[in-house]
Number of protein chains: 2
Amino acid sequence: MSDDLRRNMALFPIGIVMKLTDLTARQIRYYEQNDLIQPARTEGKQRLFSFNDVDRLLEIKALIEKGLNIAGIKQVLQMQEPALEQTEITTTSEEKRKDMSDKELHQLLRQQIMYRDATRHGEGALIRGELSRFFH
Amino acid sequence: MSDDLRRNMALFPIGIVMKLTDLTARQIRYYEQNDLIQPARTEGKQRLFSFNDVDRLLEIKALIEKGLNIAGIKQVLQMQEPALEQTEITTTSEEKRKDMSDKELHQLLRQQIMYRDATRHGEGALIRGELSRFFH
DNA sequence: AATAGATGTTAGATAATATTACACAGAAAG
DNA sequence: CTTTCTGTGTAATATTATCTAACATCTATT
């Protein structure tokens, strides 16, 4: 329980996240601008990232390297998001989905499967696996 | 193994550490000035703290609240430091020790014992215990 | 009362980040 | 084969965060 708190706690400034993810500030801000991440802010409006944010950025990076564009990444990420409120789960996800053609969706799912096959090792250890990339 | 890397990795600016430890910047810098901690620095000379640094600051804070002064804290911390190089362990520690009177040392040891009794729970989980204070 | 230790506070300098705008290469579309 | 769109680089300027150094304040000890 406090593990969740830990991982969601806003801790890192963008400079650290750049080193951790090997992304540029420009990229990180661009992904935020396109709603792929929503880092917290200090009083002075500076971004603060959590472990989860860093994890997500690493996923984004992996998907970018697989050739996905922002729209595709957005779909993939929202698919693997845990069920939030039990109200309107279906409506929300269906609404989002209706923006894609069948072909696009199938291609996306294929790529997502490949991605998960490549990265899945231990069940709950997926997170650990992501974080371990910090230390190369 | 990479756990050690993680805990020693310089990640947090002083502003975050202030919130995490509930210490002021003044205090943190003062403790550094007195060699209780040695945080890393950015190229631009700004402090960067690791999880271990934060842990240590929490220990320092606990000792301060017990009424120890800097010299006392220094002794306690260096006692619980893991054996570093096998060369000159004895000489180094004895050199440090000879600065204290017997009375001071005994008082210190008494307090240290009380401290360890109060905080010890699971063996290697001491770190976890400390870190959990972040989330009150 | 005087001293020393620990912290508060302020001032000025520097580093880190924010925002915005423009540039540009490659992919996608026409 | 142009044109357009996307993702990223880069530069300028403003603001925030941190740094160091100095002086002030408070407490406990002498």
Side-chain angles (χ1 to χ4, degrees), chain A residues 10-49 53-54 57 59-77 99-101 103-104 107-108 111, chain B residues 10-49 53-54 57 59-77 99-101 103-104 107-108 111:
Chain A
L11 294 174
F12 313 112
I14 200 170
I16 294 294
V17 176
M18 289 173 62
K19 291 178 193 162
L20 256 34
T21 62
D22 207 47
L23 293 167
T24 67
R26 181 66 166 97
Q27 287 177 296
I28 296 170
R29 297 188 188 117
Y30 184 73
Y31 302 151
E32 179 189 25
Q33 189 176 329
N34 286 87
D35 302 313
L36 298 186
I37 42 171
Q38 296 89 32
R41 298 277 184 144
T42 67
E43 257 190 43
K45 301 302 178 190
Q46 302 202 186
R47 271 165 270 253
L48 280 186
F49 299 80
D53 289 328
V54 177
L57 282 172
E59 294 188 57
I60 292 170
K61 189 190 177 192
L63 293 172
I64 286 277
E65 286 166 357
K66 280 190 185 300
L68 290 241
N69 62 9
I70 302 294
I73 296 174
K74 198 174 300 186
Q75 293 292 324
V76 171
L77 290 184
D99 290 334
M100 303 187 78
S101 73
K103 187 185 162 203
E104 285 171 328
Q107 175 189 349
L108 191 62
Q111 283 179 308
Chain B
L11 293 173
F12 313 112
I14 200 169
I16 294 294
V17 176
M18 290 173 61
K19 291 179 192 159
L20 256 33
T21 62
D22 207 47
L23 293 168
T24 66
R26 182 66 166 98
Q27 289 177 296
I28 296 170
R29 295 188 189 118
Y30 184 72
Y31 302 151
E32 178 189 24
Q33 188 176 331
N34 287 89
D35 302 313
L36 298 186
I37 43 170
Q38 297 88 33
R41 298 277 184 143
T42 68
E43 258 190 42
K45 303 300 177 190
Q46 301 203 188
R47 272 165 270 255
L48 280 186
F49 299 79
D53 289 328
V54 177
L57 283 172
E59 294 188 54
I60 292 171
K61 189 189 177 192
L63 293 172
I64 286 277
E65 285 166 355
K66 279 189 186 300
L68 289 238
N69 63 8
I70 302 294
I73 296 174
K74 198 175 299 187
Q75 293 292 323
V76 172
L77 289 184
D99 289 334
M100 301 187 79
S101 74
K103 186 185 162 203
E104 286 172 329
Q107 176 189 350
L108 191 64
Q111 284 180 306

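Below, chain A is the first sequence line, B the second, and so on; all start at residue 1. Note that the structure is a prediction, hence the values are computed from the model and not measured.
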(request) Pull out every residue in residues 23-33 of chain A that has a heavy atom closer than 4.0 Å to any atom of DNA chain D, ordered by number, or say none. (result)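 Heavy-atom cutoff 4.0 Å gives A/Thr24, A/Arg26, A/Gln27, A/Tyr30, A/Tyr31.
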Report the distance from atom [atom1] of [X] to atom [atom2] of [N], rounded to the nearest whole Å.
{"X": "A/Ile70", "N": "D/dC5", "atom1": "CD1", "atom2": "P", "answer": "17 Å"}
{"X": "B/Met18", "N": "C/dT7", "atom1": "CE", "atom2": "P", "answer": "13 Å"}
{"X": "B/Phe12", "N": "C/dA16", "atom1": "CZ", "atom2": "P", "answer": "18 Å"}
{"X": "A/Ile64", "N": "C/dG26", "atom1": "CD1", "atom2": "C1'", "answer": "14 Å"}
{"X": "B/Asn69", "N": "C/dG5", "atom1": "CG", "atom2": "P", "answer": "9 Å"}
{"X": "A/Leu57", "N": "D/dT8", "atom1": "CG", "atom2": "P", "answer": "12 Å"}
{"X": "A/Leu68", "N": "C/dA27", "atom1": "CG", "atom2": "P", "answer": "16 Å"}
{"X": "A/Ile14", "N": "D/dA17", "atom1": "CD1", "atom2": "P", "answer": "14 Å"}

(request) Flag the pair A/Arg41 and A/Glu32 as a salt bridge only when some basic side-chain nitrogen lies within less than 4.0 angstrom of an acidic carboxylate oxygen. (result) yes
Nearest-0.5 Å distance, [atom1] of residue [X] to [atom2] of residue [Y]:
{"X": "B/Leu63", "Y": "B/Lys74", "atom1": "CG", "atom2": "NZ", "result": "13.5 Å"}
{"X": "B/Ile37", "Y": "B/Arg47", "atom1": "CD1", "atom2": "CZ", "result": "8.0 Å"}
{"X": "A/Asn34", "Y": "A/Ile70", "atom1": "CG", "atom2": "CD1", "result": "5.0 Å"}

(message) Near DNA chain C, counting only heavy atoms under 4.0 Å, which residues of residues 34-46 of chain A show up?
(response)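 Per residue number, the list reads A/Arg41, A/Lys45, A/Gln46.
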(request) Please lay out, stage by stage, how B/Leu57 and B/Phe49 fare under the test side chain to side chain contact (heavy atoms under 4.5 Å, CB included). (result) CA-CA 10 Å; B/Leu57 283 172; B/Phe49 299 79; 4.2 Å; yes
(request) Assess whether side chain to side chain contact (heavy atoms under 4.5 Å, CB included) is satisfied between A/Val17 and A/Leu23, documenting all intermediate values. (result) CA-CA 8 Å; A/Val17 176; A/Leu23 293 167; over 6 Å; no
(message) I need the minimum non-hydrogen distance between A/Met18 and A/Ile28, along with the two atoms involved.
(response) CG-CD1, 4.0 Å
(request) Mind running side chain to side chain contact (heavy atoms under 4.5 Å, CB included) on A/Phe12 and A/Asp53 for me, showing each step along the way? (result) CA-CA 10 Å; A/Phe12 313 112; A/Asp53 289 328; over 6 Å; no
(message) For a side chain to side chain contact (heavy atoms under 4.5 Å, CB included) check, start with the C-alpha distance between B/Arg29 and B/Ile14, then their side-chain angles and the critical distance, and finish with the verdict.
(response) CA-CA 9 Å; B/Arg29 295 188 189 118; B/Ile14 200 169; 4.1 Å; yes
(request) Would you please confirm or rule out a distance under 4.0 Å between OP1 or OP2 of C/dT17 and any side-chain N or O of A/Arg47? (result)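 Checking A/Arg47 against C/dT17: no side-chain N or O falls below 4.0 Å of OP1 or OP2.
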